[in-house]
Amino acid sequence: MRMRRKHNLDERLAAVNDYIIERTILDLNMKTSVEKKDYIDFVKTFGNDNPVELEIGCGKGQFICELATKNPNVNYIAIEMLSNVIVEACEKAKKFNIPNVRFMIIRAECLESYFPNHSVSKIYLNFSTPLPQKGYEKQRLTHRKFLEIYSRLLTDGGEIHQKTDSKSLFEFSIAEYSQSGFHLKDVSLDLLNSDCIDNIMTEHELKFAQMDMPIYRVVAYLPKKN
């Protein structure tokens, strides 16, 4: 079902324009657009050279805004495919005047057009759409196609932090990580009842917690090169 366009969306986006990194490559052909590059100038964007972390699929922004507030010496970029979704995250960041977070309206397939190799220290995948239907494997954000992109973007020893309520996606992801050269740690089959003390909940996660549903978590990382 298509999401209804939010009331006054254009005006709301204009009001938070200072939190949005403009998408400059307008080629709608995925195969040709990824060949074009317009790398983000992180120092110009944030006014410092702090490490950069990335959330793919930020929803209404609760997770990334809280994470940025708790870690002022890290810069955060969060992406979403739809302006209709990301506008609320931008408004949240602006409301609380969070200086170290920005947003982009792009697909994960286009990340390499804007992020140089080895420029991101952590990637967060929170409750990505599981796409359980047969034939949709390549569209899952932990398919090896995407893991190849992430591996090029991540710094030496970089990490992917994933949370999901989907057991099938979790099992799929574990297999894909292992076959793509990633190592695994901090694996949890019931995060909310684990001893994890630094977990920041997303909007979805709060709902799952109230329903006492298990949350699966894993950190996949690239071993440091000698």
Side-chain angles (χ1 to χ4, degrees), residues 51-81 85-86 88-89 92-93 96 98 100-101 103 108 120-133 136-137 139-144 146-147 149-151 153-155 157-223:
V52 175
E53 298 182 5
L54 169 69
E55 183 181 18
I56 300 175
C58 66
K60 296 180 181 179
Q62 178 169 311
F63 172 86
I64 201 67
C65 286
E66 184 173 345
L67 186 65
T69 300
K70 290 184 174 181
N71 298 280
N73 294 322
V74 178
N75 296 325
Y76 295 92
I77 296 178
I79 73 167
E80 266 291 350
M81 292 192 300
V85 175
I86 209 169
E88 292 189 49
K92 189 176 275 92
F96 294 104
I98 305 172
N100 58 324
V101 63
F103 302 88
V120 175
S121 57
K122 290 181 183 177
I123 293 174
Y124 298 93
L125 300 173
N126 292 317
F127 301 94
S128 308
T129 304
L131 297 169
Q133 306 94 323
Y136 281 75
E137 293 87 354
Q139 297 183 38
R140 297 170 188 161
L141 289 177
T142 50
H143 185 272
R144 64 196 66 181
F146 288 104
L147 296 184
I149 295 173
Y150 307 156
S151 65
L153 298 185
L154 285 169
T155 56
E159 299 178 344
I160 300 172
H161 291 225
Q162 181 188 9
K163 292 192 289 187
T164 179
D165 64 309
S166 170
K167 183 178 180 181
S168 61
L169 177 61
F170 185 72
E171 292 172 344
F172 171 86
S173 302
I174 293 292
E176 291 292 292
Y177 290 135
S178 299
Q179 294 176 28
S180 300
F182 285 84
H183 293 206
L184 306 179
K185 65 179 182 179
D186 298 338
V187 178
S188 176
L189 304 180
D190 190 1
L191 176 62
L192 300 181
N193 291 311
S194 72
D195 58 0
C196 179
I197 60 174
D198 59 351
N199 182 47
I200 295 174
M201 288 192 179
T202 70
E203 296 90 350
H204 287 297
E205 197 168 351
L206 286 168
K207 294 179 181 178
F208 297 143
Q210 294 170 356
M211 298 166 62
D212 199 28
M213 293 176 60
I215 302 300
Y216 305 92
R217 178 180 185 260
V218 63
V219 175
Y221 65 97
L222 295 169

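We're numbering straight along the sequence, starting at 1.
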Quick one: OG on S188 to NZ on K163, what's the gap to the nearest 0.5 Å?
-> 10.5 Å
Applying side chain to side chain contact (heavy atoms under 4.5 Å, CB included), run through I160 and L147 and close with a yes or a no.
-> CA-CA 9 Å; I160 300 172; L147 296 184; 4.0 Å; yes
Do D186 and V218 have side-chain heavy atoms sitting under 4.5 Å apart?
-> no
Nearest heavy-atom neighbours spanning A89 and C58 | CB-SG, 4.2 Å
Quick one: list whatever passes salt bridge (Lys or Arg N to Asp or Glu O under 4.0 Å) with E66, sequence neighbours left out.
-> K70
For S166 and T164, does a side-chain donor sit closer than 3.5 Å to a side-chain acceptor?
-> no
Residues which pass side-chain contact (heavy atoms from CB on, under 4.5 Å) with E171, listed by chain and number, not counting sequence neighbours | K167
Close side-chain approach of L54 to I79, heavy-atom, < 4.5 Å | yes
Can you name the side chain to side chain donor-acceptor pair (under 3.5 Å) partners of S180, sequence neighbours left out?
-> none
Considering residues at least two apart in sequence or located in another chain, which fulfil the side chain to side chain donor-acceptor pair (under 3.5 Å) criterion with Y124?
-> E53
With Y150, which residues qualify under ring pair (Phe, Tyr, Trp, His ring centres under 6.0 Å), at least two apart?
-> none
Pairing residues for R217 by the salt bridge (Lys or Arg N to Asp or Glu O under 4.0 Å) criterion, not counting sequence neighbours | none
Hey, could you give me the CZ/CG distance between F172 and L131, rounded to the nearest 0.5 Å?
-> 9.5 Å
For Y221, check side chain to side chain donor-acceptor pair (under 3.5 Å) against everything at least two apart and list the hits.
-> none
Report yes if the side chains of V101 and N75 come closer than 4.5 Å at any heavy-atom pair, otherwise no.
-> no
Residues at least two apart in sequence or cross-chain that pass side-chain contact (heavy atoms from CB on, under 4.5 Å) with M213, listed by chain then number, are D165, F208, M211
Should L154 and F182 count as side-chain neighbours, where that means a heavy-atom distance under 4.5 Å?
-> yes
Are the side chains of T142 and L125 in touch, meaning some heavy atoms are under 4.5 Å apart?
-> yes
Less than 4.5 Å apart, any side-chain heavy atom of Q162 and any of Y177?
-> yes
Nearest-0.5 Å distance that lies between atom CD in E137 and atom NE2 in H143 = 7.0 Å
Any side-chain heavy atom of L67 sitting closer than 4.5 Å to one from Y76?
-> yes
Would you check if I77 and F103 make a side-chain contact, meaning some heavy-atom pair closer than 4.5 Å?
-> no
Evaluate the criterion side chain to side chain contact (heavy atoms under 4.5 Å, CB included) for residue pair V187 and F170; output intermediate values, then yes/no.
-> CA-CA 10 Å; V187 178; F170 185 72; 3.9 Å; yes
Look up atom OG1 in T69 and atom CG in N100, then write down how far apart they are to the nearest 0.5 Å.
-> 7.0 Å
Applying side chain to side chain donor-acceptor pair (under 3.5 Å) to H161 and not counting sequence neighbours gives E159
What distance separates R144 CZ from S178 OG, expressed to the nearest 0.5 Å?
-> 11.0 Å
Which heavy-atom pair separates L184 from A220 by the least distance, and what is that distance?
-> CD2-CB, 3.9 Å
Sorted by chain and number, sequence neighbours left out, side-chain contact (heavy atoms from CB on, under 4.5 Å) with P72 holds for none
Spacing of I149 atom CD1 and I123 atom CD1 [to the nearest 0.5 Å] = 9.5 Å
Residue pairs fulfilling side-chain hydrogen bond (donor to acceptor under 3.5 Å, both in side chains) with at least one residue in residues 54-65, sequence neighbours excluded = E55-N126
Across all chains, not counting sequence neighbours, the side-chain contact (heavy atoms from CB on, under 4.5 Å) partners of P51 are V74, S121
